[in-house]
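Sequential numbering from 1 along the given sequence is applied to the chain's residues. As the structure is a computational prediction, the values presented were derived from the model and not from experiment. In each ligand, atom 1 is the first atom listed, and ligand 1 is the first ligand listed.
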Amino acid sequence: MKRGILNRYRDFLPVTANTPLITLGEGDTPLIRSLSLEKELGCGELYFKFEGCNPTGSFKDRGMVVAVAKAVENNSRSIICASTGNTSASAAAYGARFGLKTIVVIPQGKIAMGKLAQAVVYNAQIISIKGNFDQALQIVRSLTEKYPVTLVNSINPNRIEGQKTAAFEIIDELGNAPDYLFIPVGNAGNITAYWKGFVEYAQAGKASHSPKMIGFQAAGAAPIVQEKIIERPQTIATAIRIGNPASWQRAVAARDESEGIIDCVTDDEIISAYKLAATREGIFCEPASAASLAGLIKMAAKEDFSDKRIVCIFTGTGLKDPDIPAKFAKPPAELPADLATVEKALSGVIS
Ligand code: AN7
């Protein structure tokens, strides 16, 4: 039975006697051993942690459940976030369930259809700005200085606390930390959270070491790689279309303390990995999520991982962004409902 991360990992979370142990069933996501790409890429062991299996379809639920629990504990009446889509979907869901007014500020035309649908159905107050995520976050920060509304972006430390539980789950399942963790990087909260989780669990004696953190930004939105703010970030992976990450310094610290790397992958590499995850492993993740696998493919071409244990994070489900396949695949031909015609269309396919 799913217990939720607040209950399962309460000893490692900011849980007090007054914190409601709320849950929508977040966490406990599958760690899927690769059947095909592990061999092909020459990895000792390769696993995919599929965060798309969270209640609103992304890893954001782990952080949101803690942020909302603390908001409820502190008698907050409303929450607010800027979002490229997944944070707004998660905030709207937990806000609805636990009686908080939810305000989301999103970049117009640049969030996936499914994510917008979630915010609409969960009945969030949606503000769509003619601008990008970084501008939305700036506005939200200013609003929270002026009004008594709880900020639930990852600059809220409770978000990072919740998200670190994914690292705990990996160690609990593998019995130790992996050698490498591949992860997409946008606003850089998640890489920060995983690193915190790995370090804390190692300190608690649950792992003998911590993994190298290997983060990937999209090439058109790679401020950490280029070491400068990107004013007009561009990428097909709208979730990580971010030019000035809030947790920039902490991501750099995670990279350096773990002796890892933060690099970037092109949109073509992202889409190619997105297709491979689906066609070779049966995992439908969203484009931003596929940046982790795209990064592994890029690195495995140069580096020997044959004695390494690797975990690749797929941060969200592909169902959120149903427009993407149309960019590279034709819709199926429409045939009459006639056996002979269907048989003919299948000649060479079935025998
Ligand atoms: C699927 O929802 O920033 O580096 O506003 O949705 O912690 O930002 C989403 C980010 C990776 C990057 N994969 O994580 C938002 C938002 C998916 C995402 C990231 C996001 P961070």
Which of the numbered atoms in ligand 1 are below 4.0 angstrom from a heavy atom of [X]?
X: Asn187; result: 4 (O), 8 (O), 21 (P)
X: Val185; result: 4 (O)
X: Ser83; result: 2 (O), 5 (O), 15 (C)
X: Thr87; result: 2 (O), 5 (O), 15 (C), 16 (C)
X: Gly189; result: 4 (O), 7 (O), 21 (P)

[atom]: the protein heavy-atom neighbour that sits closest, reported with distance to 0.1 Å:
atom: atom 14 (O) of ligand 1; result: Phe59 CZ, 3.5 Å
atom: atom 5 (O) of ligand 1; result: Thr84 N, 2.8 Å
atom: atom 17 (C) of ligand 1; result: Thr315 OG1, 3.3 Å
atom: atom 10 (C) of ligand 1; result: Lys60 NZ, 3.2 Å

Nearest 0.5 Å, please: how far is [atom2] in [Y] from [atom1] in [X]?
X: Leu37; Y: Glu281; atom1: CG; atom2: CD; result: 4.5 Å
X: Lys164; Y: Tyr194; atom1: NZ; atom2: OH; result: 14.0 Å
X: Asn158; Y: Glu73; atom1: CG; atom2: CD; result: 9.0 Å

Strictly below 4.0 Å, N to O, side chains only: are [X] and [Y] in salt-bridge contact?
X: Glu169; Y: Arg62; result: yes
X: Glu286; Y: Lys115; result: yes
X: Lys298; Y: Asp263; result: yes

Option with minimal heavy-atom separation from atom 18 (C) of ligand 1, where the choices are Gly57, Gly318, Ala239: Ala239
Report yes if some N/O of [X] lies less than 3.5 Å from some N/O of ligand 1; otherwise report no.
X: Asn190; result: yes
X: Ser88; result: no
X: Gly186; result: yes
X: Asn86; result: yes

Taking 4.0 Å as the limit for heavy-atom contacts, which would you say applies to [X] with ligand 1: side chain only, backbone only, both, or neither?
X: Glu286; value: side chain
X: Ile240; value: side chain
X: Ala188; value: backbone
X: Ile242; value: side chain

Plane angle bin for Phe216 and Phe182 - parallel if under 30°, tilted between 30 and 60°, otherwise perpendicular: parallel
Scan side-chain atoms only and decide if Glu51 and Thr315 contain a donor-acceptor pair under the 3.5 Å cut-off.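 Judged by distance alone, the side chains do not pair up.
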Answer yes if the side chains of Thr19 and Thr16 hold a donor-acceptor pair under 3.5 Å, and no otherwise. yes
Between Ser78 and Leu100, is a side-chain contact (heavy atoms from CB on, under 4.5 Å) present by the stated rule, with each step listed? CA-CA 5 Å; Ser78 56; Leu100 302 171; 5.7 Å; no
May I ask you to check if Lys275 and Phe328 form a cation-pi contact, with NZ or CZ under 6.0 angstrom from the six-membered ring centre and within 45° of the axis? yes
Below 4.0 Å from ligand 1: does a non-hydrogen atom of Ser58 turn up there or not?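 No.
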Just jot down the ring-ring contact (aromatic ring centres under 6.0 Å, His included) partners of Phe12, sequence neighbours excluded, or say none. Phe168, Tyr201
